[in-house]
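Treat the numbers as computed from the prediction; the structure is a model and nothing was measured.
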Amino acid sequence: MSYIIIGLVDPALPSSEKNLSGDSTNSTAWDAFGDMLNEALKDHCAILESIKSEEWIYQKIYSFMALSGQDFNVAIKAIRDYFIDLDNPTDWQKWGENVWKEVVEPLVIKDHRYLP
């Protein structure tokens, strides 16, 4: 099982399993989402490296937790723009987009760092 962590449910409380905002995916969906992150954030290497940190990657986790509010919103905009700009997406790209829309984005918009 793979996991995508967005942040803390309550930033005033310490990090714990109960205070994490995230969701699990199957390994193939996680891979498709990771490939999408590579493309969407290729101009934002530091943000991409934070999300796909070696600390997490071997545990099959992508984490948005370490991002500042500004970097968090830059990442969200870059990912959304990536999908808007896709012409004739492959099935693999559609899978990454589905993970974004069904799993990740509902959690992102609840995060305290999110600026609509």
Side-chain angles (χ1 to χ4, degrees):
M1 191 59 75
S2 308
Y3 206 73
I4 301 169
I5 299 170
I6 303 307
L8 298 175
V9 174
D10 183 346
L13 297 175
S15 179
S16 69
E17 188 175 325
K18 291 183 179 184
N19 196 28
L20 288 179
S21 171
D23 208 344
S24 60
T25 66
N26 67 52
S27 292
T28 306
W30 186 82
D31 289 339
F33 183 72
D35 287 349
M36 178 279 304
L37 287 173
N38 290 341
E39 288 299 314
L41 298 173
K42 65 184 173 191
D43 294 333
H44 305 284
C45 294
I47 293 172
L48 179 62
E49 288 174 13
S50 178
I51 294 169
K52 295 179 80 172
S53 166
E54 282 188 34
E55 170 188 3
W56 297 110
I57 204 80
Y58 296 110
Q59 298 175 41
K60 295 201 74 115
I61 296 172
Y62 294 136
S63 176
F64 290 69
M65 281 185 60
L67 297 177
S68 67
Q70 180 179 350
D71 285 348
F72 183 82
N73 286 286
V74 166
I76 302 317
K77 181 176 179 352
I79 293 167
R80 288 177 175 163
D81 289 349
Y82 170 77
F83 291 123
I84 289 169
D85 294 340
L86 273 181
D87 289 329
N88 300 316
T90 65
D91 287 342
W92 190 249
Q93 290 168 323
K94 289 176 186 176
W95 202 345
E97 182 176 20
N98 188 55
V99 172
W100 171 255
K101 288 183 175 178
E102 300 296 322
V103 177
V104 180
E105 191 161 26
L107 298 170
V108 161
I109 61 176
K110 293 178 184 175
D111 192 275
H112 69 280
R113 298 167 291 178
Y114 177 69
L115 298 173

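A pairwise comparison of heavy atoms in L20 and M65 identifies CD2-SD, 3.5 Å as the closest pair. Nearest heavy atoms, L41 versus A78: CD2-CB, 3.7 Å. In terms of heavy-atom proximity, A32 sits nearest to W95 at CB-CB, 4.0 Å.
Between I4 and D23, every side-chain heavy-atom pair lies at or beyond the 4.5 Å cut-off. In this structure the side chain of K94 never reaches within 4.5 angstrom of the side chain of F83, judged on heavy atoms. For the pair S63 and I51, the minimum side-chain heavy-atom distance is 4.5 Å or more.
Under the 30°/60° scheme for interplanar angles, the aromatic rings of F64 and F72 are found to stand perpendicular.
Note: N98 CG to D91 CG = 11.5 Å, rounded to the nearest 0.5 Å. Between the NZ atom of K110 and the CG atom of L107 there is a distance of 6.5 Å, given to the nearest 0.5 Å. Taking CE of M36 as the reference point, atom CG of D31 lies at 12.5 Å (rounded to 0.5 Å). Put simply, NE2 on H44 and CG on L37 are 12.0 Å apart, with the number rounded to the nearest 0.5 Å. The OG atom of S21 sits 8.5 Å away from atom CG of L8, with the distance rounded to the nearest 0.5 Å. A distance of 11.5 Å separates CD1 in I5 from OG in S24, rounded to the nearest 0.5 Å.
Both Y114 and V74 sit in one connected hydrophobic cluster of ILVMFWY residues. Membership requires side-chain heavy atoms under 4.5 Å apart, directly or through other members.
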- Item | Worked verdict on D35 versus W92 for side chain to side chain contact (heavy atoms under 4.5 Å, CB included) | CA-CA 9 Å; D35 287 349; W92 190 249; 2.8 Å; yes
- Going through the distances and angles, do D85 and R80 end up as a salt bridge (Lys or Arg N to Asp or Glu O under 4.0 Å)? CA-CA 9 Å; D85 294 340; R80 288 177 175 163; over 6 Å; no
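Looking at E39 and K42, a side-chain N of the basic residue comes within less than 4.0 Å of a carboxylate O on the acidic one, giving a salt bridge. Note on D10 versus K18: no salt bridge recorded, every NZ/NE/NH1/NH2 to OD/OE distance being 4.0 Å or above.
When each of N73, I76, I79 is checked for a side chain to side chain contact (heavy atoms under 4.5 Å, CB included) with V108, only I76 meets the rule.
With sequence neighbours left out, D81 forms a salt bridge (charged side-chain N to carboxylate O under 4.0 Å, His left out) with K77.
Of the possible donor and acceptor atoms, one in the side chain of R113 sits under 3.5 Å from a partner among the backbone N and O of L67. In this structure a side-chain-to-backbone donor-acceptor pair under 3.5 Å is missing from E102 to V99. Checked by atom type and distance alone, the side chain of K52 pairs as donor or acceptor with a backbone atom of G34 at under 3.5 Å. Under a 3.5 Å cut-off, the side chain of N19 and the backbone N or O of L13 do form a donor-acceptor pair.
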